[in-house]
Amino acid sequence: MTDSLQLRSEYPLQELNTFGLPAVAEYYTEIHAADQLEQLEQWLKRHPMPLLLLGGGSNLVLADRVPGLVARILIRGWHRSDLSASHVRLRVGAGENWHATVEKSIEQGLYGLENLALIPGTVGAAPVQNIGAYGVELKDRISAVEVFDRQEQCLRDLSPEACRFGYRDSLFKSIEPERYIITAVEFSLARQFTAELSYAGLREGLGHDPVTPKRVFDTVCRIRREKLPDPTEIGNAGSFFKNPVVSADLYQQLKHRFESLVAYPDTDGYKLAAGWLIDQCGLKGFSLEHVGVYPRQALVLVNLGAARREDIERLARHVQQMVQERFGVRLEPEPRFYP
Ligand SMILES: Cc1cc2nc3c(=O)[nH]c(=O)nc-3n(C[C@H](O)[C@H](O)[C@H](O)COP(=O)(O)OP(=O)(O)OC[C@H]3O[C@@H](n4cnc5c(N)ncnc54)[C@H](O)[C@@H]3O)c2cc1C
């Protein structure tokens with residue numbers, strides 16, 4: 001039997017979101033085990049209100065006041081079982097720290113997550129936007145997502161196909177965002193290491209020494225520390241805009257006008273490097289009151305101190321407008337604005 005729900009009101013969230021925004025939740029609770037979710041649902045039936053699931057708060061832009069209930073998912077767990085001669089199944093609780101999970105998997109001789117090192121947040125939030133970095137997306141390593149289905153009021157496993165993963169997108173983010181609470185993620189990891197080195201920056205960073213999983217992990221961490229601000233020092237939510245995908249026609253027109261355009265072929269055309277577009281507008285290091293464009297990586301917006309959601313929205317709109325005027329391309333924010 002798990003502990004009953006502990007509910008708090010007017011709970012401060014500033015320490016629980018990596019932008020460091022001064023949000024306050026109307027109600028707040030912590031979920032340590034999947035069977036507390038039934039209690040959560042019963043409480044919500046008696047007190048109908050919006051529910052925000054919170055992991056590490058690294059992909060959220062919160063308003064000063066967050067109406068309704070914020071439930072922080074802290075479910076732990078680590079279970080491995082054999083899948084085949086070459087692969088192992090690893091089921092990890094939604095509340096486990098993502099980076100620690102990557103590190104521990106490598107220590108246990110399970111490979112496939114190395115390129116996703118140092119992404120902040122929890123395991124349970126990772127499928128929500130199908131996290132990706134350095135040529136690997138989470139969807140390529142997942143065998144199931146365990147969810148509490150709020151519609152059917154039961155726990156069940158969803159297959160990777162059912163999760164409808166896309167570029168920084170999934171069933172959980174844009175198709176049925178209110179329906180599922182992710183309680184665990186099951187990975188299919190290899191016993192034999194195969195390096196994924198399609199990303200040129202990673203290949204260069206590795207140099208000529210033999211490529212081992214630990215070296216890929218360390219190199220990814222080093223590159224990320226050089227390029228991205230540490231949220232414990234400077235508030236941010238990582239890449240603020242998705243890389244826009246444009247048709248092959250539009251790509252050719254832009255390439256004709258801007259010879260150094262940075263873009264990668266994509267299944268639907270070409271993915272343009274949003275950081276390059278922003279940089280070309282002269283916005284690196286630009287600031288508007290409490291928020292700025294990070295000088296070392298134009299894709300990241302940072303809290304310069306005392307920022308509120310409105311400040312971030314204002315700067316984001318300015319960046320979108322400049323990029324639209326110069327390139328005719330619309331940038332779409334990556335983090336979720338709530339409410
Ligand atoms: C410095 C920095 C670097 C980053 N780099 C990358 C990167 O390289 N690649 C990348 O893809 N992302 C990156 N991100 C974004 C972010 O880290 C990821 O999106 C991460 O998965 C968010 O995890 P979280 O636990 O902090 O989620 P939160 O911000 O708490 O929540 C994000 C969304 O998921 C929902 N959610 C949370 N937990 C659950 C759950 N258990 N069930 C259902 N829904 C849930 C929330 O309601 C919200 O909609 C970066 C962020 C920062 C700050």
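Just follow the structure's listing: the first ligand is 1, and inside any ligand the first atom is 1.
Distances from atom 7 (C) of ligand 1 to the heavy atoms of G95, G132, S170, A94 put G132 nearest. The heavy atom nearest to atom 43 (C) of ligand 1, considering only L53, L118, N97, is found in L53.
With respect to atom 33 (C) of ligand 1, the closest heavy atom belonging to the protein is V128 CG1, 4.1 Å. At the top of the distance list for atom 23 (O) of ligand 1, counting protein heavy atoms only, stands A125 CB, 3.3 Å. Closest to atom 32 (C) of ligand 1 among all protein heavy atoms lies N59 CB, 4.0 Å. When only non-hydrogen protein atoms are considered, atom 28 (P) of ligand 1 lies nearest to G57 N, 3.5 Å. R336 NH1, 2.8 Å is the protein heavy atom nearest to atom 49 (O) of ligand 1. Atom 8 (O) of ligand 1 has as its closest protein heavy atom R224 NH1, 3.0 Å. I182 N, 2.9 Å is the protein heavy atom nearest to atom 42 (N) of ligand 1. The single protein non-hydrogen atom nearest to atom 10 (C) of ligand 1 is Q129 NE2, 3.5 Å, given as residue, atom name and distance.
Polar contact check, S58 against ligand 1: a nitrogen or oxygen pair lies under 3.5 Å apart. No N or O atom of N236 sits closer than 3.5 Å to an N or O atom of ligand 1. Remark: ligand 1 and I119 share no N or O pair separated by less than 3.5 Å (distance only, no angle test). In terms of N/O distances under 3.5 Å, ligand 1 is not approached by P229. Taking only nitrogen or oxygen atoms, main chain and side chain alike, I181 does not reach within less than 3.5 Å of ligand 1. Between L54 and ligand 1, not a single N/O pair is under 3.5 Å apart. Taking distance alone, with nitrogen or oxygen atoms compared against 3.5 Å, G55 approaches ligand 1 more closely than that limit. Where the criterion is an N or O separation shorter than 3.5 Å, residue side chain and backbone included, G56 meets it with respect to ligand 1.
For the residue pair E146 and T183, a side-chain donor N or O sits within less than 3.5 Å of a side-chain acceptor on the partner. A donor-acceptor contact under 3.5 angstrom links the side chains of E30 and Y28, judged on distance only. No donor-acceptor contact under 3.5 angstrom links the side chains of E96 and T101, judged on distance only. At a cut-off of 3.5 Å, with distance as the only test, a side-chain donor of D169 or S174 sits close to an acceptor on the other residue. Residues Q192 and T194 bring no donor and acceptor atom of their side chains to less than 3.5 Å of each other. At a cut-off of 3.5 Å, with distance as the only test, a side-chain donor of Y294 or R296 sits close to an acceptor on the other residue.
Applying the ring pair (Phe, Tyr, Trp, His ring centres under 6.0 Å) definition to pairs two or more places apart or across chains, those involving residues 126-167 are Y134-Y199.
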Next item on the list: For the pair L272 and F327, evaluate side-chain contact (heavy atoms from CB on, under 4.5 Å) and give the outcome as yes or no after the intermediate values.
Entry: CA-CA 11 Å; L272 309 182; F327 299 100; over 6 Å; no

Margin query: As a quick check of understanding, evaluate side-chain contact (heavy atoms from CB on, under 4.5 Å) for I278 and V323, giving each step before the final call.
Written below: CA-CA 6 Å; I278 299 167; V323 169; 4.1 Å; yes

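Using a 4.0 Å heavy-atom cutoff, Y180 is listed among the residues neighbouring ligand 1.
Across I182 and I73, no two heavy atoms sit closer than the pair O-CG2, 4.2 Å.
Taking every non-hydrogen atom of L52 and a distance limit under 4.0 Å, the qualifying atoms of ligand 1 come out as 47 (O). Applying the 4.0 Å criterion to heavy atoms of A133 picks out, from ligand 1, the atoms 8 (O). The ligand atoms of ligand 1 that sit less than 4.0 angstrom from a heavy atom of G121 are 23 (O), 24 (P), 25 (O), 26 (O). Here is the list of ligand 1 atoms found below 4.0 Å of a heavy atom in R168: 11 (O).
Contacts between I73 and ligand 1 below 4.0 angstrom, taking non-hydrogen atoms only, involve the side chain exclusively. In K173, neither the side chain nor the backbone holds a heavy atom less than 4.0 Å from any atom of ligand 1. In T122, the parts holding a heavy atom less than 4.0 Å from any atom of ligand 1 are both the side chain and the backbone.
Y111 has its ring centre no less than 6.0 Å from the ring centre of H87. Taking the six-membered ring wherever Trp is involved, the centroid distance between the rings of Y27 and H47 does not fall below 6.0 Å.
With a 4.5 Å cut-off on side-chain heavy atoms, L206 and L197 count as touching. Counting heavy atoms from C-beta outward, W98 and P120 have side chains that stay 4.5 Å or more apart.
Between D230 and R224 no salt bridge is recorded (no basic side-chain N to carboxylate O distance below 4.0 Å).
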